[in-house]
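Numbered from 1 within each chain, the chains take letters A, B, ... in sequence-line order.
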Protein chains: 4
Amino acid sequence: MTETAGRGRPRSETARAAILDAALELCQRDGYQALTIKGIAEKAGVGRQTVYRWWPTKEAVLMEALRDLALREAARLQPDSGDTLRDVRTLLEATFALVQRLTGEAIVGLMAESQHDPELSSRLQATVIGPRRTALRDLLARGVERGDLSDDDIALDLAVDFCFGTMWYRLMGRHAPVDAALAGQLTAALRRMLAPADDDARHLTR
Amino acid sequence: MTETAGRGRPRSETARAAILDAALELCQRDGYQALTIKGIAEKAGVGRQTVYRWWPTKEAVLMEALRDLALREAARLQPDSGDTLRDVRTLLEATFALVQRLTGEAIVGLMAESQHDPELSSRLQATVIGPRRTALRDLLARGVERGDLSDDDIALDLAVDFCFGTMWYRLMGRHAPVDAALAGQLTAALRRMLAPADDDARHLTR
Amino acid sequence: MTETAGRGRPRSETARAAILDAALELCQRDGYQALTIKGIAEKAGVGRQTVYRWWPTKEAVLMEALRDLALREAARLQPDSGDTLRDVRTLLEATFALVQRLTGEAIVGLMAESQHDPELSSRLQATVIGPRRTALRDLLARGVERGDLSDDDIALDLAVDFCFGTMWYRLMGRHAPVDAALAGQLTAALRRMLAPADDDARHLTR
Amino acid sequence: MTETAGRGRPRSETARAAILDAALELCQRDGYQALTIKGIAEKAGVGRQTVYRWWPTKEAVLMEALRDLALREAARLQPDSGDTLRDVRTLLEATFALVQRLTGEAIVGLMAESQHDPELSSRLQATVIGPRRTALRDLLARGVERGDLSDDDIALDLAVDFCFGTMWYRLMGRHAPVDAALAGQLTAALRRMLAPADDDARHLTR
DNA sequence: TGTTAAGCGAGACGGTACGTCGGGTCTTAAG
DNA sequence: CTTAAGACCCGACGTACCGTCTCGCTTAACA
């Protein structure tokens, strides 16, 4: 359906994969700013035009590489152990591990770039940021339904910002690690923030 | 004291200011990636070499521009109304206003760049991120001393990450505004997170 | 034969010709010292890199332009009318015309430059100076074989220096024209210098 | 008369000499094209403005340096041994030695430059080329008066071109040395060219 | 003897050309 | 009709030198 005709030489899947791999690797090695279409093509052993034929910019190449990665990890986004905060913790740990492993540099660069590129911004949102955000939001909302958490909408959104905001802030500022321990601390803090408004906690809501 | 020799034509303060202004303005107009030393020099009405003479890279120019801004705003960093959380809210509002007004783009770009430049990373930390972070941390610590807040160290650091993490996350992702309302919500959430540890909240400290 | 691989976009002959033309024209218009690769590229309507891809310096561009000119004129270098001195005169007239028409400025500049560039010096010798020199030398040598001229080797070399030395000296110093009249005077002087050592001239050889 | 007022600090003769020396030395070391006012000033241990105050261009600096040299050598230009051709030989030997020793590079460069700078051309003529030319011309003319040489004016001018043309041609082309031997050969050739006009040589005068 | 004015070394200033690198487009021959 | 190769035009890079301009400091002649 994506392909119109069956004629002529078919697109090389080898080249596609080599380009995406090269893009991610170079971005991690030399940084987003130093990433170059010429460099990607050379590293991938591919003609420059082969990159331009399929992607308009280096941002698009990175986006596709990240999307491929994200798809492979998507399964872990919807755990359901019955314990909401345990599920939250699992999701955060998976996310932190992924982000540590290979994409921090690329995504921060893309985010910087998206400051002046609304189209990139929305694609980034749709592909990388949004799904994760939604997954966590859904998990929390399920907790509210189950009565595990209070039902304050603003607090729910803020809780998501809290988790991923802290993650990005630390990735960028490097003042503290982004690891399983952080997942634990965040989960614990969420427990307090989102505790059901029962008698014991009445004084907190004020 | 900063100058060793008194000989030769002295540095032009006019040129310095014009360059810093031009850098900030162009960064906001066209984005960090599109910022160019050539562009800065032309906008400032200055020879290109005059930029290179004093700053090695566009990052350095931006850093100095941000530092100048930060110094001018430094006064607002230590309010003391007697009410810890009111002070926190004041600090956050001031920070959000500043960041909205003119530096978001630049700082996000610098942060992206600092992913592969440890030296830039630490200067960014020392100049822009750290002071604000410390200011908030100190405010919270004072609250602990006064008994307004619980004394959990991890929770304190996490609270700072919460505030500024959310700020950066929203600045980058653009999924929600960074304004006075957010300051209010964050302050309210902090109230719950850092409520003095009474019996009801003992489990949080683990 | 000169090209190894047949792949990739072939070199543009249009660009090559435009560059050589522009170089000669600018050199004549503004002088050798003012000649600039940037200027050549712009005049030729060509990217700067296209010049640098094929020639390392402006000297190399000029050399190739002169060589092309020389090749087109090569035919006139070996006249044979049966009368040696008539042939000499023809050769000199052709050379003077060429040098007047368009290359004086360029060649003098290259010669100045070649004072500190042995490689340029030898290429200049091989391409521009040498062939002309050899052509005249051969003409004179043929005259010696035919008995038209005396066979003194030193005198023969000196005669060549006489003709072309005078040409360059006048081109540089501008104290006298380099024209057909000079060709006649030189030829006449050569007749005396190189007269066969017969009875009438014995006293000249000393 | 050249100086208007006697007030203020007098010009530093030390600086003037250092600049002229530096110019000549750098020109010989790196070539005319690579000669730079900045380089001259630094080599001379002098402020750049001190060069610009007294000379408008590097050409002017070189001209003055050459003029100073020429003045010091002027004495040798008018030998009179009674034997015209011996005097010629002496003049040529002195000239060749001078030119070899230190000025070839500079003068060839200036000549190249003078192709597009009539003012420089005439100053070069007046200072460097002309005097030598005139000296030789006068020597030959004296020979004519004495009856040592034929009185053909064209031949006389051509003889001068012959001597200095050969010198420059060899200096530029480097195909043969410019030394005392050449002075001898040229003198010998002149003897033939300018032999008193007897019957055998009548046809030369046309 | 103190004032004054020009020259001095130093070095920053606004410019321009350098030679390199990457951008994005194009034109080949090979598959 | 895609691929690798690579030339094309364009323009930013960071450097060097241009010629001009301020500095603080001599260094005399004048007052």
Side-chain angles (χ1 to χ4, degrees), chain A residues 3-12 14-15 34-42 44-54 56-58, chain B residues 5-12 14-16 34-39 41-42 44-54 56-58, chain C residues 5-16 34-42 44-54 56-58, chain D residues 3-16 34-42 44-54 56-58:
Chain A
E3 300 299 323
T4 38
R7 286 236 267 176
R9 181 172 178 174
R11 177 174 181 183
S12 159
T14 308
L35 186 64
T36 267
I37 298 234
K38 189 174 195 255
I40 294 172
E42 281 168 3
V46 139
R48 213 145 29 118
Q49 192 59 40
T50 301
V51 182
Y52 282 112
R53 195 178 342 263
W54 302 107
T57 59
K58 71 176 180 183
Chain B
R7 299 237 254 176
R9 181 175 177 172
R11 177 173 182 180
S12 159
T14 307
R16 179 181 170 278
L35 187 63
T36 266
I37 299 238
K38 187 174 195 264
E42 283 169 1
V46 139
R48 207 138 39 104
Q49 192 59 42
T50 300
V51 182
Y52 284 113
R53 182 157 23 238
W54 301 108
T57 58
K58 69 176 179 181
Chain C
R7 294 238 257 180
R9 181 174 178 173
R11 177 173 182 182
S12 160
E13 180 55 31
T14 308
R16 179 181 170 277
L35 186 62
T36 265
I37 298 237
K38 186 174 195 262
I40 294 172
E42 283 168 2
V46 139
R48 207 139 37 107
Q49 192 59 44
T50 300
V51 182
Y52 284 112
R53 189 168 4 251
W54 301 108
T57 59
K58 69 176 180 182
Chain D
E3 299 301 323
T4 38
R7 286 242 261 182
R9 181 175 177 172
R11 176 174 183 182
S12 158
E13 180 55 31
T14 308
R16 178 181 172 278
L35 187 63
T36 268
I37 298 234
K38 187 176 196 252
I40 295 172
E42 282 168 3
V46 139
R48 209 138 37 107
Q49 193 60 41
T50 301
V51 182
Y52 283 112
R53 189 169 3 250
W54 303 108
T57 60
K58 71 176 180 181

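- Checked against F:dA7, E:dC8, F:dC18, the side chain of D:Arg11 finds its nearest nucleotide in E:dC8.
- A donor-acceptor contact under 3.5 Å links the side chain of A:Gln49 to the base of E:dC26.
- Here the closest heavy-atom approach between residue B:Arg48 and residue B:Lys38 is recorded as CD-CA, 3.7 Å.
- The CZ-P distance, from D:Arg9 to F:dG24, rounds to 17 Å in whole Å.
- When rounded to the nearest whole Å, the span between CD of D:Glu42 and C1' of F:dC17 equals 10 Å.
- Cation-pi geometry between B:Arg11 and B:Trp54 is met: the NZ or CZ atom falls under 6.0 Å from the ring centre, inside 45° of the normal.
- Taking every side-chain heavy atom of D:Ile37 into account, F:dG19 is the closest of F:dG19, E:dC18, E:dG22.
- Atom pair D:Trp54:CH2 and E:dA6:P shows a separation of 11 Å (rounding to whole Å applied).
- Rounded to whole angstrom, the span from the CZ atom of D:Arg48 across to the P atom of E:dG11 amounts to 11 Å.
- Checking F:dC13, E:dG23, F:dC9 against every side-chain atom of A:Tyr52, the shortest atom distance belongs to E:dG23.
- Within 4.0 Å (heavy atoms only), C:Gly39 reaches no atom of the nucleic acid at all.
- With distances taken from any side-chain atom of D:Thr50 to the nucleotides F:dT2, F:dT22, E:dG9, the minimum falls on E:dG9.
- With rounding to the nearest 0.5 Å, the separation of CD1 in D:Ile40 from NZ in D:Lys58 is 8.0 Å.
- Comparing D:Pro10 and D:Pro56 against DNA chain F, the residue whose closest nucleotide sits nearer the 5' end is D:Pro56.
- In terms of the side chain to side chain contact (heavy atoms under 4.5 Å, CB included) criterion, residue partners of D:Ala44 (sequence neighbours excluded) are, by chain and number, D:Ala18, D:Ile19, D:Ala22, D:Val46.
- Side chain of B:Ser12 to main chain of B:Ala15: a donor-acceptor pair is present (N/O by atom type, distance under 3.5 Å, no hydrogens or angles).
- One atom, CD of D:Glu13, and another, P of F:dT26, lie 22 Å apart when rounded to the nearest Å.
- In this entry the distance linking NZ of A:Lys38 with P of E:dT20 reads 13 Å, nearest Å.
- Checking B:Gly47 against C:Leu35, the closest nucleotide of DNA chain E that is more toward the 5' end is the one next to B:Gly47.
- Rounded to whole Å, the distance from NZ on D:Lys58 to C1' on F:dC17 is 11 Å.
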